[in-house]
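Below, each value reflects all heavy atoms present in this structure, side chains not excepted, and no hydrogens, waters or symmetry copies. What you are looking at is a predicted structure, and each value in this text was computed from that prediction instead of being measured. All residue numbers refer to positions in the sequence shown, counting from 1.
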Amino acid sequence: NFLLQVFKALDDFFNSANSVTGDIVLVKDHDTRPGVTPIAWRETRKKSLGTFRYQFRILTALELPILFACQLIRTGNPAPTTTAVTVLLYILWFVAPAMIAVHAAGVIASERSRQTLDVLLTLPLDGRDILKQKFAGVRRLIYVLCIPFLTIYLFQTWWSTDPRQTYLVLSLLQMLVYLNLAAWLSMWIGLKFKSHLRAITVSLLTLAATAALPIAVRSLVPISNGGLSWLLSAVSPIDAIVRLETWGRGMVGAPSPVNFSESTAAAQVGANLLLFAAMWGVCRALCFRRVDRQLGRVGTESPPPLEQEPVAAEAPGMATQGA
């Protein structure tokens with residue numbers, strides 16, 4: 001909400017400044033029609049985090065420091081390191097899933113809080129179509145947040161002295177899986193809660209627990225138990241991100257107490273991706289499972305026929321009297 005207030009203040013400032021600059025508008029809001037996807041049109045044209053204008057500002061705030069750090073590395077000393085870009089990547093991994101979780105958790109929960117969900121359910125669309133169109137704004141936010149990740153991964157691959165095609169492929173898969181998992185997990189949580197704030201809080205706590213719980217458990221594991229340490233590192237997204245990034249800089253580092261070879265590190269990252277890709281699929285399936293009932297809508301299946309009680313035979317005189 002604070003970020004949206006800043007954006008609205010910027011809108012007011014630039015609108016007032018247009019009287020001096022001559023009405024310069026970088027991004028014009030086109031008067032489009034909803035067409036056959038009215039909910040998706042509303043999510044991408046009328047919602048603040050779904051509109052291109054606000055998403056472009058978010059992209060600028062995230063992309064400019066990355067481009068500045070990359071330029072400093074290129075024009076630095078004879079043997080510069082990519083530590084600054086790596087730190088920005090870790091910050092980006094903290095910010096991007098949180099933004100996606102906040103937006104996705106409030107897609108349905110905010111409709112319930114504002115008591116507008118019942119009006120939305122009157123549209124002649126089934127629950128799956130409503131959910132897919134509601135996800136359009138979240139999908140566009142994911143696309144925008146992928147640009148800073150792509151900038152860092154491509155720079156790391158280009159700047160590395162050794163060919164790092166495997167690092168680039170695994171990093172792109174990691175970005176795709178983690179961001180979509182955060183979106184669909186938060187969407188599923190938002191379907192369960194009626195309060196907007198509670199849905200956001202539970203989504204952020206769930207993401208934090210998924211990232212921190214394996215590290216907390218691994219800290220209690222003895223150093224000699226390498227097998228269990230390997231397993232806990234394989235299910236930890238933080239370990240996978242750090243391991244892949246140190247690998248991308250030409251080092252085989254392990255945030256766990258036990259160091260493994262390069263092939264073992266790649267196997268860990270691969271196992272982590274398979275696990276979280278399966279979780280992504282499960283969360284998406286849970287969102288579409290009985291979605292009409294989760295939205296509070298009457299099911300589309302036809303109700304069973306009512307049992308009619310046998311009518312007693314009427315006497316001939318009664319039928320005449322009734323007529």
Side-chain angles (χ1 to χ4, degrees), residues 4 29-56 58 96-97 99-146 175-200 202-204 206-207 276-304:
L4 292 180
D29 294 331
H30 299 286
D31 187 13
T32 59
R33 297 180 181 274
V36 295
T37 55
I39 302 177
W41 172 85
R42 180 170 173 262
E43 291 294 320
T44 56
R45 295 287 180 176
K46 301 301 180 182
K47 293 294 185 68
S48 50
L49 282 180
T51 57
F52 177 76
R53 179 175 55 189
Y54 288 161
Q55 289 180 353
F56 180 78
I58 294 174
M99 292 184 62
I100 293 173
V102 168
H103 190 24
V107 165
I108 300 298
S110 61
E111 300 285 351
R112 287 197 177 105
S113 298
R114 293 195 299 264
Q115 298 181 357
T116 55
L117 183 60
D118 293 338
V119 180
L120 188 66
L121 295 179
T122 59
L123 291 174
L125 298 171
D126 59 4
R128 294 178 63 90
D129 289 336
I130 291 177
L131 204 61
K132 288 178 181 179
Q133 293 190 36
K134 292 290 287 183
F135 194 74
V138 183
R139 186 185 300 111
R140 178 182 284 189
L141 180 62
I142 293 175
Y143 291 159
V144 170
L145 292 176
C146 283
M175 174 190 68
L176 178 68
V177 171
Y178 286 174
L179 296 184
N180 281 279
L181 174 60
W184 285 104
L185 177 62
S186 302
M187 176 80 79
W188 177 68
I189 293 174
L191 285 170
K192 300 296 182 181
F193 289 91
K194 297 182 179 180
S195 172
H196 188 188
L197 181 60
R198 188 175 301 176
I200 291 176
V202 173
S203 299
L204 294 177
T206 303
L207 291 181
F276 283 92
M279 293 175 60
W280 169 19
V282 170
C283 291
R284 191 178 187 276
L286 289 175
C287 288
F288 289 113
R289 184 175 179 267
R290 298 179 179 179
V291 61
D292 285 312
R293 181 176 298 180
Q294 295 185 60
L295 292 174
R297 194 185 214 178
V298 178
T300 55
E301 62 273 8
S302 58

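- Here the closest non-hydrogen pair linking Leu286 and Gln294 is O-NE2, 3.1 Å.
- With Ser113 contributing its side chain and His196 its backbone, the two residues share a donor-acceptor pair below 3.5 Å.
- At a threshold of 4.5 Å between non-hydrogen side-chain atoms, the residues Gln133 and Pro38 count as touching.
- The closest side-chain heavy-atom distance from Cys287 to Leu191 is below 4.5 Å.
- Scanning both residues, Ser195 and Ala109, for their nearest heavy atoms gives O-CB, 4.0 Å.
- Contact of the Val291 side chain with the Ile130 side chain is not registered, since no non-hydrogen atoms from C-beta on lie closer than 4.5 Å.
- For Arg128 (side chain) and Asp292 (main-chain N/O), no donor-acceptor pair under 3.5 Å exists by modelled atom type.
- The nearest pair of heavy atoms linking Leu179 to Ala96 is CD2-CB, 4.2 Å.
- The two atoms that bring Leu204 and Ala101 nearest to each other are CD2-CB, 4.0 Å, heavy atoms only.
- Two residues are said to be in side-chain contact when any heavy atoms from C-beta on lie closer than 4.5 Å; Asp129 and Leu123 fail this criterion.
- Contact of the Arg284 side chain with the Asn180 side chain is not registered, since no non-hydrogen atoms from C-beta on lie closer than 4.5 Å.
- A perpendicular orientation is assigned to the rings of Tyr178 and Phe276, their planes being inclined by more than 60° (bins at 30° and 60°).
- For the atom pair His103 NE2 and Leu145 CG, the distance stands at 10.5 Å (nearest 0.5 Å).
- In plain terms, the two heavy atoms of Val144 and Gln55 that are nearest each other are CG2-OE1, 3.5 Å.
- Environment of CH2 in Trp184: crowded, with over 12 heavy atoms of neighbouring residues, nucleotides or ligands closer than 6.0 Å.
- Scanning all heavy atoms of the two residues, the minimum distance from Gly190 to Ala199 falls at CA-CB, 4.1 Å.
- Under a 3.5 Å cut-off, the side chain of Arg112 and the backbone N or O of Phe193 do form a donor-acceptor pair.
- More than 12 heavy atoms of other residues, nucleotides or ligands shown are found within 6.0 angstrom of CZ on Arg114.
- The line from CG of Asp126 to CG of Leu131 is 10.5 Å long, rounded to the nearest 0.5 Å.
- Side chains of Glu43 and Lys134 form a contact here, defined as non-hydrogen atoms less than 4.5 Å apart.
- In this structure, the side chains of Ile39 and Leu125 come closer than 4.5 Å at one or more pairs of heavy atoms.
- Here CZ of Arg139 is found 10.5 Å from OG1 of Thr44. Values are rounded to the nearest 0.5 Å.
- The side-chain heavy atoms of Cys283 and Leu181, taken from C-beta on, include a pair separated by under 4.5 Å.
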